[in-house]
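Only heavy atoms go into these numbers, but all of them, side chains included; no hydrogens, no water, no symmetry mates. It should be emphasised that the depicted structure is a prediction, and the values quoted were computed from it without experimental measurement. Every chain is numbered from 1, with letters handed out A, B, ... down the list of sequences.
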Amino acid sequence: MGFLSAIGRTTLGFLEALGKITLFTFMALSHCLRPPFYLRHIGRQMVEIGYYSLPVVGLTAVFTGMVLALQSYSGFSRFNAESAIATVVVLSITRELGPVLGGLMVAGRIGAAMAAELGTMRVTEQVDALTTLSTNPFKYLVAPRLIAGTAMLPLLVLVADIIGVFGGYLVAVYRLDFNASTYINSTWQYLEFMDVVSGLVKAACFGFVISLMGCYHGYNSRGGAQGVGAATTNAVVSASIMILVLNYLLTGIFFS
Amino acid sequence: MSLESSGNGAAGAPKISLRGVKKAFGPKVVLNGIDLDVMPGESLVIIGGSGTGKSVLLKCILGLLEPDAGRIFIDGEETTHLHGREREAVLRKFGMLFQGAALFDSLPVWENVGFGLIQGQGVGRREARERAIATLGAVGLAPEVADLFPSELSGGMQKRVGLARAICTRPDIIFFDEPTTGLDPIMSDVINDLIVQCVKDLGATALSITHDMASARKISDRIAMLHKGQLVWVGPTAEIDRSGNAFVDQFIHGRADGPIQMQIRAF
Ligand SMILES: Nc1ncnc2c1ncn2[C@@H]1O[C@H](COP(=O)(O)OP(=O)(O)O)[C@@H](O)[C@H]1O
Ligand SMILES: [Mg+2]
């Protein structure tokens, strides 16, 4: 009996959270679309998300590209397929690793920051103060973050794609003694427009999810510093899991 | 319990009116049927122990929390379940000083003070800055403070900035949630004087919360005492020492023994 009721309680809790998140999403989206728009805040968030995440995302991308080249070389040389390395690197980066690893790094950086900032504002009554000053917290706090997250992640991932491919190139040419122009040619040869676009669409979805989770957990945090800490953890964990699940679903849609 | 007040607008319809307001959080009943009228231009102070629901009462009136039962009227119009634009319109009448000041720590002081002007009334940033600095002057802060951030201010200065933010839009109704808690006695008195001065200048209706009796005596025309979710006594400030109410007597003399049993545990 205890076992069954535990399952029931968990299921109900899960459904309740799902309902709350859905409601929050619709509220937030409706505020993204209706004026007033806080352009100043959207701009500030874009800089925060896009510009200041560049080092982290760039570093992740360059090492991923380098490792990919090394790994595929040691694997592919077993059946004399070294010429496929450039293609493997560029396809893996643009279709999967750029968006997913970039998304996960940004989830750690931005999702946590948003949850901590909104959570602190919630527990110190700053969110209530906004409301009493006739400003809708959804419009003022949540909408700019959602818009900026969704808009900036594709740009970040585009940069990551380029840096990642460049990392692969560096290893291939300077460590594995590939011919530079041959490598560049085979990088372009099998790359399709859709590979890059699918990655960027994924990135936009991840950006939305990261901001959504950061805002949702921050906005609903309760009970002082501890509550803010929990909100931060929950934001990062839930955003990361949703990125992985969404990635599978989107890949299924794009390449089925 | 009389409704007369020494304020200037005792006659006529009440500014704020509560009827049977109830609010519970899960099993914990915080407000259990509150009836209260606040007249235009009067200053009412609600006293009561910590955790008796004083802040919850203010938040219900502001619409930050929705009461489970009962009705709330502002200027004779029911506002109990308003949302969205209608709520925003009602809130334009209000200024609120929060318990912890609740300043926006990402904005400089002047933008905090002018926030209601910029966001709520569409005043330009330049003009808002000038009016914010003027309001800072009214609460005794120098113009240099305007460009500091809230984290750079002492507790007393934060309270003053919070006060300036509450009055900058020249609201009809001002709420003060524990304006003197955490301040030394001298700074408390400075804040009390500022509150009295500002409320008088604006001709506003004031509803304050405190458990500091010196402050309550100084800023109020009438006092109401909240205990166990109900108002156990409401009367003019002058009569508080001869209220004949055991709860009030115990509270104003700060005695541990009496009808009020401090709850050691939350439930
Ligand atoms: N949002 C909330 N959720 C749950 N409980 C709350 C909430 N706000 C206040 N309470 C509870 O209501 C009671 C009254 O709180 P409050 O009005 O802040 O007391 P005070 O009279 O000291 O201002 C407290 O016990 C508090 O735990
Ligand atoms: Mg309180």
Practice item. Using non-hydrogen atoms and a 4.5 Å limit, figure out which bit of T132(A) sits close to chain B: side chain, backbone, both or neither. Key: both

Exercise for review: Report the distance from atom OG of S134(A) to atom CZ of R92(B), rounding to the nearest 0.5 Å.
Suggested key: 4.5 Å

Check your understanding: Going from CG on D105(B) to CD on E117(A), what distance comes out if it is rounded to the nearest 0.5 angstrom?
Key -> 8.0 Å

Exercise for review: Could you grab the distance from atom CG of L91(B) to atom CG of L130(A), nearest 0.5 Å is fine?
Suggested key: 12.0 Å

Check your understanding: Considering only heavy atoms, which portion of L103(B) lies under 4.5 Å from any heavy atom of chain A: side chain, backbone, both, or neither?
Key -> backbone

Point to revise | Heavy atoms of other groups near R222(A) CZ, more than 12 under 6.0 Å | key: yes

Study note, to complete from the structure: Bottom line for R85(B): the part with an atom under 4.5 Å from chain A's heavy atoms is side chain

Exercise for review: Tell me, yes or no, whether the heavy-atom count around F166(A) atom CZ, taken from other residues, nucleotides or ligands under 6.0 Å, exceeds 12.
Suggested key: no

Review point. Would a line drawn from the ring center of Y140(A) to the ring center of F115(B) be shorter than 6.0 Å?
Key: yes

Exercise for review: Evaluate whether atom CD of E152(B) has more than 12 neighbouring non-hydrogen atoms of other residues, nucleotides or ligands under 6.0 angstrom away.
Suggested key: yes

Point to revise | Flag side-chain contact, heavy atom, 4.5 Å: R125(B) against R40(A) | key: yes

Practice item. Would you indicate whether the side-chain heavy atoms of M96(B) and D128(A) approach each other to under 4.5 Å? Key: no

Practice item. Would you please test Y38(A) and Q119(B) for side-chain contact (heavy atoms from CB on, under 4.5 Å) and show each step? Key: CA-CA 10 Å; Y38(A) 293 101; Q119(B) 307 296 352; 2.9 Å; yes

Review point. Distance from F94(B) atom CZ to T131(A) atom OG1, nearest 0.5 Å?
Key: 13.5 Å

Practice item. First locate atom OG1 of T124(A), then atom CZ of F98(B), and finally report the distance between them rounded to the nearest 0.5 Å. Key: 10.0 Å

Review point. Who wins among K59(B), Q99(B), R87(B) for the most heavy-atom pairs under 4.5 Å with chain A?
Key: K59(B)

**Study point:** Atom pair CD (Q121(B)) and CG (L133(A)), whose distance is rounded to the nearest 0.5 Å
**Key:** 10.5 Å

Point to revise | Distance-minimising heavy-atom pair for R165(B) and A129(A) | key: NH2-CB, 3.5 Å

